[in-house]
Amino acid sequence: MRIADDQVAVITGGASGIGYGLAEALAARGVRLVISDVREEGLAEAHASLTSTGADVTAVVADVSDEASVRALAARALTAYGRVDLVCNNAGVVSPAAPLWEQSAQTWELMIGVKVLGVVHGVRAFAPLLIERGTGHFLNTASSGGLAPLPDRTPYTTTMHAVVGLTETLDEELKRVAPALGATVLCPGLVDTPLGRNSAALGVIRLPPGAPASMRSLATSHGGILSPREVAQAALDAVEAGRIHVAPGRGVAERAQARVRALLSDLGETS
Ligand SMILES: NC(=O)c1ccc[n+]([C@@H]2O[C@H](COP(=O)([O-])OP(=O)(O)OC[C@H]3O[C@@H](n4cnc5c(N)ncnc54)[C@H](O)[C@@H]3O)[C@@H](O)[C@H]2O)c1
């Protein structure tokens, strides 16, 4: 889908990090925005900051894990601008670090609620609007953890793999309806955002006192870190190119290729 200045984009998790980077990048191209987040204060700050640059932005508090809340978001977007072109299902949290057998059922329910059902609710609420116009695109944020294993984060990795599979299938289903509909899944490596701090504020993880505010502290062990704006640019380029996957970040493609090679080799062994 070509991104143009008469369009409207909806971004969940838009108060911070990658969502905010997408908002900045889209606003710079004249796209009108509906940014949404469950953290009311953070959303108000993001709204003020985007508006101060001249962007046309509507802010709506919504919890993506709650279907009624996401339906209300879609209704608000339609009332505000009369159309929706791009839906960025981006909101997310990170799960605590522990092996699978120590991850609680509560963590699993929460991660599935936000990361899997959050995207499902977004697609169910907005797809009818896109289908009615015969054009539009979903950009679903997963992670490099959705393309290859990520030890000690199984609730995160599992839900991110789900978002990859969901988006690949969704793209086929949308294309069956109209060729100008589509979906892209964003699978970045490490991004410089306050994901840990926000996840702690939402009660999903506990941070030790004095823990760094951003993901930057992990940069060395993960081989580098991207800015939200770099990720947003890569994602929008992929949307415009009609690509289903985009995986920015050093080493991400190599890790995904290694997984696929291992899979193909195992399949070859058993065929
Ligand atoms: N930061 C990274 O290294 C990285 C890498 C790959 C993928 N991701 C994914 O990118 C997405 C965005 O994360 P980020 O790194 O920008 O973190 P972030 O914390 O800066 O942004 C996530 C936003 O989602 C919001 N949110 C959380 N739960 C919500 C809910 N139930 N309803 C509505 N909003 C909710 C948070 O309040 C926050 O503002 C997440 O899905 C994350 O898993 C992040």
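In listed order, ligands and their atoms are each counted from 1.
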Practice item. Give, for atom OG1 of T193 and atom CD1 of I225, the distance between the pair rounded to the nearest 0.5 Å. Key: 7.5 Å
Review point. Do any nitrogen or oxygen atoms of S143 lie less than 3.5 angstrom from nitrogen or oxygen atoms of ligand 1?
Key: no
Point to revise | Ionic contact status for R71 with E67, cut-off 4.0 Å | key: yes
**Study point:** Within-4.5 Å side-chain heavy-atom neighbours: Y20 and I35
**Key:** no
Review point. Can you find a non-hydrogen atom of G189 under 4.0 Å from ligand 1?
Key: yes
Review point. Where's the contact between L195 and ligand 1, heavy-atom distance under 4.0 Å: side chain, backbone, both or neither?
Key: both
Review point. Does some non-hydrogen atom of A62 fall short of 4.0 Å from ligand 1?
Key: yes
**Study point:** Residue part near ligand 1, for K115, under 4.0 Å between non-hydrogen atoms
**Key:** side chain
Exercise for review: Tell me which part of L202 gets within contact of ligand 1: side chain, backbone, both or neither, using heavy atoms under 4.0 Å.
Suggested key: side chain
**Study point:** Enumerated ligand 1 atoms positioned under 4.0 Å from heavy atoms of N90
**Key:** 11 (C), 12 (C), 40 (C), 41 (O)
Point to revise | Atom indices of ligand 1 within 4.0 angstrom of D63 heavy atoms, with elements | key: 30 (C), 31 (N), 32 (N)
Check your understanding: Is it true that G42 lies under 4.0 Å from ligand 1, counting heavy atoms only?
Key -> no
Exercise for review: Would you check whether M160 reaches within less than 4.0 Å of ligand 1, judged by its heavy atoms?
Suggested key: yes
Check your understanding: Is the closest heavy-atom distance from G196 to ligand 1 below 4.0 Å?
Key -> no
Review point. For ligand 1, is there an atom lying under 4.0 Å from some heavy atom of L190?
Key: yes
Check your understanding: Contact between Y156 and ligand 1, counting heavy atoms under 4.0 Å?
Key -> yes
Check your understanding: Could you state the interatomic distance from CG (L186) to CG (N89), rounded to the nearest 0.5 Å?
Key -> 12.0 Å
Practice item. To the nearest 0.5 angstrom, please state how far the CD atom of E45 sits from the OG atom of S16. Key: 10.0 Å
Practice item. Pick one of side chain, backbone, both or neither for how A142 approaches ligand 1, counting any non-hydrogen atom pair under 4.0 Å. Key: backbone
